[in-house]
Amino acid sequence: MSKRFYITTAIDYANGSPHLGHAYEKVLTDIVARFRRLQGDEVKFLTGLDEHGQKVQMSAQKCGVEPIEVCDRLAGEFQGLCARLGISNDDYIRTTEGRHKAVVQEVLQKLYEKGEIYKAEYAGFYSPRQEQFVTEKEKVDGEWPEIFGEVEEVVETNYFFKLAQYQDWLVETIRENEAMIYPRFRAADVLQFLKEPLNDLCISRPKTRLEWGIELPFDADFVTYVWFDALTNYITAAGYGTDAFSENWPADYHVIGKDILVPPHAVYWPIMLKALGLELPRHYLVHGWWLSSGSKMSKSTGEVVDPLTLIEQFGADAFRYFVTREMNVGQDSEFSLELFMSRYNSDLANDLGNLVSRLLNMGGRYTEGKVPKATIEGEPEQALKAVWEVTKAELVPLYEGFQFHRALERIFGFISAINKYAETRAPWKLAKSEAEEDREKLETSLAVMAEALRLSMVLLTPVMPEISSKVRALIGAESFESLKGQLDWGTSLAGASLGEKAILFPRPERN
RNA sequence: GCCAAUGUAGCUCAGUGGUAGAGCAGAGGACUCAUAAGCCUUUGGUCGGCAGUUCAAAUCUGCCCAUUGGCACCA
């Protein structure tokens with residue numbers, strides 16, 4: 001079979017509850033995945049949880065439970081978030097799963113046998129109180145701060161992965177593949193990092209310091225530490241070592257935050273793959289951060305607002321719309337309750353929700369709850385269709401280029417044009433006329449509004465899947481799997497039954 | 001210090017050489033099918049600063065300023 005379109009998010013660290021950043025990355029990836037499915041690709045969409053490491057072990061100790069219990073609880077929370085957001089992932093990987101441990105150990109063994117991993121001693125300053133090594137940089141006024149307690153110099157043995165020998169190859173690869181990293185300016189950060197000589201990467205921890213990890217296959221006194229555990233998830237889920245692997249790998253997109261591009265995803269991961277003789281991921285989609293994320297003071301009430309509560313209050317699609325409309329992928333963006341409410345009220349409730357509401361209502365009053373037939377084509381109809389043609393032509397390239405904020409701007413511009421069209425035809429005035437010509441105009445106007453709404457919902461599907469199918473059901477449009485043929489202005493709705501009056505985006509209670 | 005991104009109307013942003021744009025917010029108006037919604041009109045900007053290239057610069061070049069991020073012997 002032909003290769004799937006394989007897209008991943010970063011796996012979340014089991015060290016705290018989900019926040020806006022986690023939710024955003026899932027939504028962004030989901031939009032790409034859904035768009036590709038509409039374009040006819042078979043998609044594999046992976047997300048998951050990174051469960052090993054010191055912090056997980058410590059927080060379990062603090063609670064007096066086993067680490068896996070902490071992980072189970074958080075896995076539940078993160079998977080619950082995905083479900084609530086309508087994320088269409090078809091796999092969810094947890095790094096404590098057997099399938100993952102097996103791949104990590106296989107990979108480590110292979111590289112060890114190839115001589116890519118070696119054992120060495122390191123001398124450094126260790127803080128038993130913080131259970132971590134400290135560096136000269138952390139000194140304040142020539143002393144380590146009180147929180148570190150007694151700092152002692154220790155010598156420790158560990159395993160290292162050889163990075164430096166691949167440095168020139170990596171620089172060359174990134175230079176030659178301009179499209180590898182989106183947005184492109186991020187590649188400059190990688191190349192700058194690679195101007196300095198690479199040090200080999202420490203990939204183990206002695207079990208005396210860290211138990212909660214995957215054991216090295218060639219030395220039972222150690223577990224592997226972070227990168228070989230976390231990054232490897234991408235090939236585990238792709239079916240490394242099975243026939244399925246070639247159908248999935250290489251990944252088409254790793255969607256990640258800007259903080260984990262350099263060095264892990266753009267340096268360690270490609271070198272790990274190269275050493276294993278595997279192909280590199282084709283692209284990285286690197287997004288920015290939400291500023292003031294997690295919470296924001298509401299100016300009016302002084303209350304702290306958790307963005308994720310907005311999902312419960314206003315629905316997953318409203319949340320998806322907001323983060324997609326506001327974020328220019330790759331840049332940072334501001335989150336505030338005021339901005340959210342502004343988008344919700346004016347774009348969703350007033351422009352879209354109210355349009356659906358008035359169409360259903362008029363259909364019930366004037367055309368017996370059916371979508372009538374469009375029989376005339378006057379200047380207003382031509383004008384609206386002209387707007388549609390422009391919108392349609394722009395949208396696919398915008399989606400393909402990750403310009404989702406602009407895509408939504410265009411779609412809602414078209415929705416606004418439907419409202420303008422309604423004002424021009426004013427079916428509520430035509431309904432008062434006895435003239436045959438006015439009756440035709442009335443029926444045409446409702447048919448045109450319904451068809452235009454159907455078209456806009458097709459384009460909106462990747463971002464607002466739930467609302468899209470809800471509106472399509474209300475206007476009698478059939479469901480669809482592929483974009484093919486769906487974007488052509490047609491008459492398929494004629495005769496369809498309109499749904500009961502519906503409020504898609506209720507206004508919040510006013511205090 | 002080095003590198004990068006960003007800096008356009010009160011707010012969020014579009015606009016990469018040819019007389020400053022959109023949405024929201026504000027003001028006024030006509031209408032009434034609709035979620036006190038929608039529609040029309042309108043106030044508002046020396047496009048961060050300085051200099052340069054050009055017949056012409058928000059748009060190209062240089063310098064500067066501000067904000068943010070990357071540049072950790074993370075053992």
Side-chain angles (χ1 to χ4, degrees), chain A residues 120-127 132-138 153-158 160 183-206 209 225-226 257-264 266 286 288-289 291 325-328 330-336 338-343 345-366 403 405-406 408-410 412-413 415-432 442 445-446 449 501-508 510:
Chain A
E121 275 186 349
Y122 169 83
F125 295 97
Y126 187 73
S127 156
Q132 66 176 44
F133 276 85
V134 294
T135 63
E136 293 287 335
K137 272 198 163 184
E138 287 166 290
E153 187 167 8
V154 300
V155 174
E156 190 170 291
T157 300
N158 262 314
F160 292 79
R184 288 195 181 183
F185 69 82
R186 292 280 171 212
D189 287 350
V190 182
L191 291 171
Q192 203 201 340
F193 180 85
L194 289 169
K195 278 180 188 165
E196 302 294 321
L198 283 174
N199 294 301
D200 289 342
L201 182 66
C202 179
I203 59 158
S204 68
R205 289 290 183 275
R209 275 209 294 129
Y225 172 72
V226 64
K258 63 183 184 181
D259 56 322
I260 55 171
L261 177 67
V262 182
V286 186
W289 289 114
L291 306 177
R325 179 62 184 82
E326 289 296 318
M327 180 71 90
N328 179 347
Q331 309 288 352
D332 292 343
S333 225
E334 187 77 25
F335 174 88
S336 77
E338 286 73 21
L339 284 172
F340 181 88
M341 290 319 302
S342 173
R343 288 292 176 201
N345 285 326
S346 62
D347 295 358
L348 299 181
N350 295 351
D351 288 354
L352 175 56
N354 184 54
L355 171 61
V356 172
S357 179
R358 63 201 302 208
L359 172 63
L360 295 180
N361 198 61
M362 287 192 281
R365 286 166 73 139
Y366 307 143
Q403 301 294 300
H405 62 306
R406 290 167 63 195
L408 289 178
E409 185 190 16
R410 304 304 156 91
F412 277 75
I415 287 169
S416 182
I418 306 173
N419 273 314
K420 287 181 175 68
Y421 168 81
E423 299 295 329
T424 308
R425 277 300 184 201
W428 51 93
K429 285 181 185 165
L430 298 169
K432 292 173 184 163
L442 167 61
S445 65
L446 297 191
M449 286 171 71
K501 268 191 73 172
I503 301 296
L504 294 178
F505 303 100
R507 290 189 160 279
R510 299 206 168 165

Salt bridge (Lys or Arg N to Asp or Glu O under 4.0 Å) involving [X] - partner list, sequence neighbours excluded:
X	result
A:Arg410	A:Glu394
A:Glu409	none
A:Arg425	A:Glu381
A:Arg205	none

Over how many whole Å does the gap from [X] atom [atom1] to [N] atom [atom2] extend?
X	N	atom1	atom2	value
A:Met449	B:A37	CE	C1'	13 Å
A:Ile415	B:C24	CD1	C1'	16 Å
A:Tyr421	B:G38	OH	C1'	16 Å
A:Leu261	B:A72	CG	C1'	16 Å
A:Arg184	B:G69	CZ	P	26 Å
A:Leu348	B:G38	CG	P	12 Å
A:Phe505	B:G38	CZ	P	14 Å

Inset, instruction - Using the C1' atom on both, measure B:G69 against B:G62 and round to a whole Å. - result: 24 Å
Legend entry - Euclidean distance for P, B:U53 against B:G70 (whole angstrom): 39 Å
Legend entry - A:Val226: side chain to side chain contact (heavy atoms under 4.5 Å, CB included) partners, not counting sequence neighbours: none
Inset, instruction - Using the test side chain to side chain contact (heavy atoms under 4.5 Å, CB included), find all partners of A:Asn361 that sit at least two apart in sequence or belong to another chain. - result: A:Arg365, A:Lys501
Legend entry - Sequence-aligned protein contact record of nucleotides 25-31 of chain B, with B where the base is within under 4.0 Å of a protein heavy atom and S where only the sugar-phosphate is: ------S
Inset, instruction - Apply side-chain hydrogen bond (donor to acceptor under 3.5 Å, both in side chains) to A:Asn345 and list each qualifying residue two or more places apart in sequence or on a separate chain. - result: A:Arg507
Legend entry - Check: A:Thr424/A:Lys420 side-chain N/O donor and acceptor closer than 3.5 Å: no
Inset, instruction - Verify whether one side chain among A:Asn158 and A:Ser204 offers a donor that lies under 3.5 Å from an acceptor in the other. - result: yes
Inset, instruction - Could you list the residues that satisfy ring-ring contact (aromatic ring centres under 6.0 Å, His included) with A:Phe340, not counting sequence neighbours? - result: A:Phe314, A:Phe322
Legend entry - Any residue meeting ring-ring contact (aromatic ring centres under 6.0 Å, His included) with A:Tyr421, in chain and number order, not counting sequence neighbours: none
Legend entry - Canonical and wobble pairing (Watson-Crick, G-U, under 3.5 Å) of RNA chain B, dot-bracket with |: ((((((((.[[[[.)..(..]]]].((((.........)))).....[[[[[..)....]]]]])))))))....
Legend entry - Closest to the A:Lys420 side chain, choosing from B:C73, B:U35, B:C40: B:C40
Legend entry - Residue A:Arg507, side-chain atoms from C-beta onward, closest of B:U35, B:C33, B:C39: B:U35
Legend entry - Any A:Arg425 side-chain N or O less than 4.0 Å from OP1/OP2 of B:C33: no
Measure all distances between protein nitrogen or oxygen atoms and nitrogen or oxygen atoms of nucleotides 3-13 of chain B, and list the pairs falling under 3.5 Å.
from: B:A5; atom 1: O2'; to: A:Gln331; atom 2: OE1; distance (Å): 2.9
from: B:U12; atom 1: O2'; to: A:Glu326; atom 2: OE1; distance (Å): 3.2

